[in-house]
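Right, one structure below, let's go through it.
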Amino acid sequence: MKEQKVQANTTKFTSHSVNMTDRKKAVMTGVAKVDGATETEINLTTALGRLVVSGSGLKIAKFDDADGNLTLIGNIDGIKYAVTRPPLLKRIFK
């Protein structure tokens, strides 16, 4: 019996965009996954790194992980890209 290998979807997005309307709705592309979501904060992994959206009454209206498209609604107060830092040991022993 031959073994069949099933490959996981390894699609990597190469670009990312954010389109916000009146600080009430944001449509994003290039979103790889949602790391966590509450009414006050949504953590995302995008093609360009980690992204944190803060505000109040935030809800994910639509997310398609195959296309990387995400729509969120609520009162958006801030959008911040998280800076990736090298591990502590690499910073100490340069």
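Count residues from 1 along the sequence. Side chains are part of it too, since the values below use all heavy atoms of this structure and drop only hydrogens, waters and symmetry mates.
- Two different hydrophobic clusters hold Val27 and Leu70 under the rule that ILVMFWY side chains link at heavy-atom gaps under 4.5 Å.
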Evaluate Asn43 against Val34 for side-chain contact (heavy atoms from CB on, under 4.5 Å), listing each step before the verdict. CA-CA 6 Å; Asn43 296 306; Val34 177; over 6 Å; no

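- Taken together through direct or relayed side-chain contacts under 4.5 Å among Ile, Leu, Val, Met, Phe, Trp and Tyr, Ile79 and Phe63 form part of one hydrophobic cluster.
- In this structure, Leu72 and Lys62 have side chains that are not in contact, with every pair of non-hydrogen atoms separated by 4.5 Å or more.
- Here the closest heavy-atom approach between residue Tyr81 and residue Thr46 is recorded as CE2-OG1, 4.4 Å.
- Clustering ILVMFWY residues whenever any of their side-chain heavy atoms sit less than 4.5 angstrom apart, transitively, puts Met28 in a cluster other than the one holding Leu48.
- Side chains of Lys80 and Leu51 form no contact here, defined as non-hydrogen atoms less than 4.5 Å apart.
- Not counting sequence neighbours, Asn69 has no partner by the side-chain hydrogen bond (donor to acceptor under 3.5 Å, both in side chains) test.
- The shortest heavy-atom contact between Ile76 and Ala26 is CD1-CB, 3.8 Å.
- By the 4.5 Å heavy-atom criterion applied to side chains, Leu58 and Thr40 are not counted as neighbours.
- The salt bridge (charged side-chain N to carboxylate O under 4.0 Å, His left out) pairs that include a residue from residues 35-49 are Lys33-Asp35, where partners are two or more places apart or lie in different chains.
- We find the OG-CG distance between Ser56 and Asn75 to be 4.0 Å, quoted to the nearest 0.5 Å.
- Across all non-hydrogen atoms, the minimal contact from Ala47 to Phe13 is CB-O, 3.2 Å.
- Pairing each heavy atom of Ser17 with each of Thr29, the nearest pair is OG-OG1, 2.7 Å.
- Judged by distance alone, the side chain of Asp22 and the main-chain N or O of Lys24 form no donor-acceptor pair under 3.5 Å.
- Residues Ile60 and Ile42 are in side-chain contact: their nearest non-hydrogen atoms beyond the backbone lie under 4.5 Å apart.
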